[in-house]
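In this text the structure is predicted, and so the values were computed from the model without any measurement. One is the number of the first residue; the rest follow in order along the sequence.
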Amino acid sequence: MVEGSRFVGIVNSYIGGLNCIAGTGKCTDATAIGGAHSDAPFGTSRSINNFLESAGENILFGGGPSENSPPILKSAATTCFVP
């Protein structure tokens, strides 16, 4: 997701084939849906009826320094798959 987005909806989508290839060391970040990693304002996020496939976390909010928390996160009928 784009940092600083206010209202995001991902509906009836296929997000797949997300891999992370590290030049050196381990690569652990291949995320299908994510956000709230900065101090940018963040609004409502909804994920409805999707197929998410990534080598890392399928859904990740947070994980970095931030002063903000997403006010509303809704995920319904979403299938998550890690190959």
Side-chain angles (χ1 to χ4, degrees):
M1 290 188 174
V2 178
E3 291 296 332
S5 57
R6 298 296 289 184
F7 302 99
V8 177
I10 302 158
V11 181
N12 298 329
S13 299
Y14 177 94
I15 301 173
L18 300 174
N19 297 301
C20 187
I21 301 171
T24 60
K26 292 184 178 180
C27 188
T28 58
D29 290 333
T31 305
I33 298 175
H37 301 121
S38 71
D39 289 333
F42 193 79
T44 301
S45 176
R46 295 183 181 194
S47 171
I48 301 171
N49 194 31
N50 298 302
F51 179 85
L52 308 176
E53 174 190 16
S54 74
E57 301 90 355
N58 283 302
I59 300 173
L60 174 67
F61 286 92
S66 178
E67 297 294 323
N68 300 319
S69 297
I72 299 173
L73 297 175
K74 179 179 180 179
S75 182
T78 295
T79 301
C80 296
F81 177 72
V82 178

Checklist entry - Can you tell me how far the CG atom of L52 sits from the CZ atom of F81, to the nearest 0.5 Å? => result 12.5 Å
Checklist outcome for this item: CG (N49) and CG (N12) are apart, to the nearest 0.5 Å, by 4.5 Å
Checklist outcome for this item: Which of T78, I33, N50, I48 passes side chain to side chain contact (heavy atoms under 4.5 Å, CB included) with S13? It is N50
Checklist entry - Quick one: do L18 and I10 end up in the same hydrophobic cluster if we chain Ile, Leu, Val, Met, Phe, Trp and Tyr together by side-chain heavy atoms under 4.5 Å apart? => result yes
Checklist outcome for this item: Tightest non-hydrogen contact, residues N58 and C80, listed as ND2-CB, 3.5 Å
Item to check | Gap between atom NZ of K74 and atom OG of S47 - 0.5 Å precision | outcome: 10.5 Å
Next on the checklist: Checking the side chain of S54 only, and the main-chain atoms of A30 only, is there a donor and an acceptor separated by less than 3.5 Å?
Outcome noted: yes
